[in-house]
Amino acid sequence: MNFFSGINRKILLALGIAAVIAVMTAFWLWSQEPKYRVLFSNYSNKDGGAIVAVLEQMNVPYKISDSGAAIMVPSDQVHQARLKLASMGLPKGGNVGFELLENQRFGVSQFVEQVNYQRALVGELERSIQAISVVENARVHLAIPKATVFLRDQQRPTASVLLKMQPGRLLEPQQVSAIIHLVASSVPNLPTENVSIVDQNGELLSDINKKNRPNQVDPSQLKYIEDLQRSIVNRVVAIITPIVGMQNVQAQASAEVDFATQEQAEEIYRPNKKSDTAVIRSEQTNETSGASPAAASGVPGALTNQPGANATAPVNGDPNGTVGGVDPAATATTPSQKNVTVNYEVDKTVKYSQKTTGGIKRLTVAVVVNEKQELDKDGKIISRALTEDEKKQVTDLAKQAMGYNEDRGDSLSVVNAAFAPVKVEEIGEVPIWRNSGYIEMAKDTAKLIMGLVVLLILYKKALKPMVAKLLAPAPARTDVYGAELSTPQNSDGQTLQIPAQGYQQNLHQAKLLAKENPKMVANVVTSWVSGNG
């Protein structure tokens, strides 16, 4: 019985030692557990499963937050895991692109092919739109009508885009236009006016008629005015600062900008007076000359209509050149006609003028200059106002910097006044107990020290005593007087197992000893008697 009791005692001690070592190991591992950081968040369930599978293949420990919205890995492996997952195309964001067509089965119908193509096109568009920095998520819906051979029945496709912006970010009009043209250029026969863009608040961003509405302020015009005013202020401050010093000049500008568009075409004609400098465009001269039949003469009647007598040659010529006593000039004339047409060039001036938008109608600039800081005879800093020459110099520089135009009605005001002192709150050094770096270091150190202390306590109070008991020899049995008792044996010399607990067990042990070894019992009784005496 004592043999089995000793074995059970050793087994219990060994189990206790193993339990203590396990507790010490678990506590040490807990104290050395690495910090976890977010690897990915707001992912789809499909992407989450793919990410976890890859992390398990890479033997990278991971944790999933209580809400399941984030996957965390040790801080020293975050960047490496992200790069590895990015090379595998994870996370995909739930968008299926043209890789959908790679696994298309053979023998699918034309309808399924068209649907898969449209899904792939939608996924690619969503990925492209999400690449814009201000867009967190995008959904694209395409309505592509079925092709028809009848021209009058043809319909144009339409597209709808739902955008979710990054917190605190907005889309500029140029970015909205870029998204519209991106979608319209990706779908055949899709006009830009058939693309609708809506944000997560339900606001229509692609309203092309918004700018054409009356009494509607164009944000781009307001931005242009603000940039113009800021540019004028910066120029004025930059040119005056070297004279008065840093933080000693303040300026504000107000600009009236004309955004009206005007186009004008003029044609001016001026008469060209006839002079020596006149330019002849064309000249035409028509001149005719020739003999004409003799005019009728004589007394009207029958005799006048009779044919003339036969001509007779003159015997003697007439020195006056007459023939037969008749003057040829009197019987026939030679008429002539001359027409001259001259065309002169007329001055013509054609003028086309177009007035661009954004012209400055009027500028108003206000400048405040601090009083000059100087040292007096005692070495103290005193303030004095600017002299008239100094003020005039500042005014002239400000006019040059702002582009002053008197005909335009520009105005400039320069005021010299003492600036109110700015109370600068001195920020002392951050105490060690408020420094985040020191706080993290202190937490890690405290965690390590606490782990070592707990391990030391477990070793001193539990592990070491158990090992000592396990390795210590069995103690010798003594009687009530301290005398060592021999191990009881039976007649065959075998050691008797005596229970050591309880009154009944002790009584049973005494009876067994008295029966098996009466001599030893007699010696015990004799010692008791002699002791009492």
Side-chain angles (χ1 to χ4, degrees), residues 129 131-136 138 159-185 190-240 249-266 351-368 397-414:
I129 296 174
I132 302 176
S133 59
V134 298
V135 178
E136 180 179 348
S160 302
V161 182
L162 176 62
L163 301 179
K164 181 181 180 182
M165 303 294 128
Q166 296 284 354
R169 304 292 297 275
L170 294 175
L171 276 176
E172 298 290 339
Q174 296 83 358
Q175 293 174 321
V176 175
S177 178
I179 295 176
I180 292 175
H181 285 80
L182 174 66
V183 176
S185 302
L190 175 60
T192 55
E193 58 269 14
N194 286 5
V195 181
S196 302
I197 300 180
V198 183
D199 63 1
Q200 71 271 21
N201 298 322
E203 182 179 357
L204 182 62
L205 304 179
S206 59
D207 190 0
I208 59 177
N209 296 323
K210 188 175 182 180
K211 296 182 179 180
N212 300 326
R213 295 174 184 173
N215 302 326
Q216 183 71 31
V217 179
D218 191 354
S220 61
Q221 296 180 359
L222 296 178
K223 186 176 184 301
Y224 174 77
I225 296 175
E226 292 178 357
D227 294 341
L228 177 61
Q229 295 176 165
R230 189 182 303 109
S231 175
I232 294 173
V233 169
N234 293 337
R235 291 200 303 266
V236 171
V237 172
I239 198 64
I240 300 177
V249 58
Q250 295 290 333
Q252 290 294 331
S254 177
E256 296 182 11
V257 183
D258 185 11
F259 292 101
T261 303
Q262 295 181 0
E263 294 183 2
Q264 184 177 2
E266 295 180 351
K351 182 189 296 183
Y352 296 95
S353 60
Q354 182 177 4
K355 187 177 181 181
T356 59
T357 61
I360 299 176
K361 297 173 60 177
R362 187 170 180 268
L363 286 178
T364 303
V365 179
V367 182
V368 181
L397 290 175
K399 286 183 177 181
Q400 295 295 328
M402 65 176 285
Y404 182 83
N405 189 351
E406 186 176 0
D407 298 335
R408 194 170 54 194
D410 296 348
S411 64
L412 172 65
S413 300
V414 179

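Below, each value reflects all heavy atoms present in this structure, side chains not excepted, and no hydrogens, waters or symmetry copies. The first residue in the sequence is number 1, and the count goes up from there.
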For a quick test of reading the model, state the closest non-hydrogen atom pair linking [X] to [Y] and the distance between them.
X      : Y      : answer
Asp410 : Gly403 : OD2-O, 3.7 Å
Gln200 : Lys164 : OE1-CA, 3.6 Å
Val233 : Ala251 : CG1-O, 3.4 Å
Ser411 : Met402 : O-CE, 4.1 Å
Leu363 : Ala255 : CD2-CB, 3.5 Å
Glu136 : Pro167 : OE1-CD, 4.1 Å

Counting only N and O atoms by type, is there a donor-acceptor contact under 3.5 Å from the side chain of Gln175 to the main-chain atoms of Glu172?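 Checked: pair present.
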Apply side chain to side chain contact (heavy atoms under 4.5 Å, CB included) to residues Gln166 and Ser133 and explain how you reach the verdict. CA-CA 8 Å; Gln166 296 284 354; Ser133 59; over 6 Å; no
Evaluate the side-chain proximity of [Y] to [X]: yes if any heavy-atom separation is below 4.5 Å, no if none is.
X      : Y      : answer
Ile239 : Gln400 : no
Val195 : Ile179 : no
Ser254 : Arg362 : no
Val368 : Val249 : no
Val257 : Phe259 : yes

Pair Val134-Leu170, side chain to side chain contact (heavy atoms under 4.5 Å, CB included): steps then yes or no: CA-CA 7 Å; Val134 298; Leu170 294 175; over 6 Å; no
Criterion side chain to side chain contact (heavy atoms under 4.5 Å, CB included) against Leu163, the qualifying member of Val198, Ile129, Val176: Ile129
Neighbour count >12 (heavy atoms, 6.0 Å) for atom CD, Gln229: yes
Considering residues at least two apart in sequence or located in another chain, which fulfil the salt bridge (Lys or Arg N to Asp or Glu O under 4.0 Å) criterion with Asp199? none
With Ser231 via side-chain contact (heavy atoms from CB on, under 4.5 Å) - residues at least two apart: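 For Ser231, the residues satisfying side-chain contact (heavy atoms from CB on, under 4.5 Å) (neighbours in sequence not counted) are Arg235.
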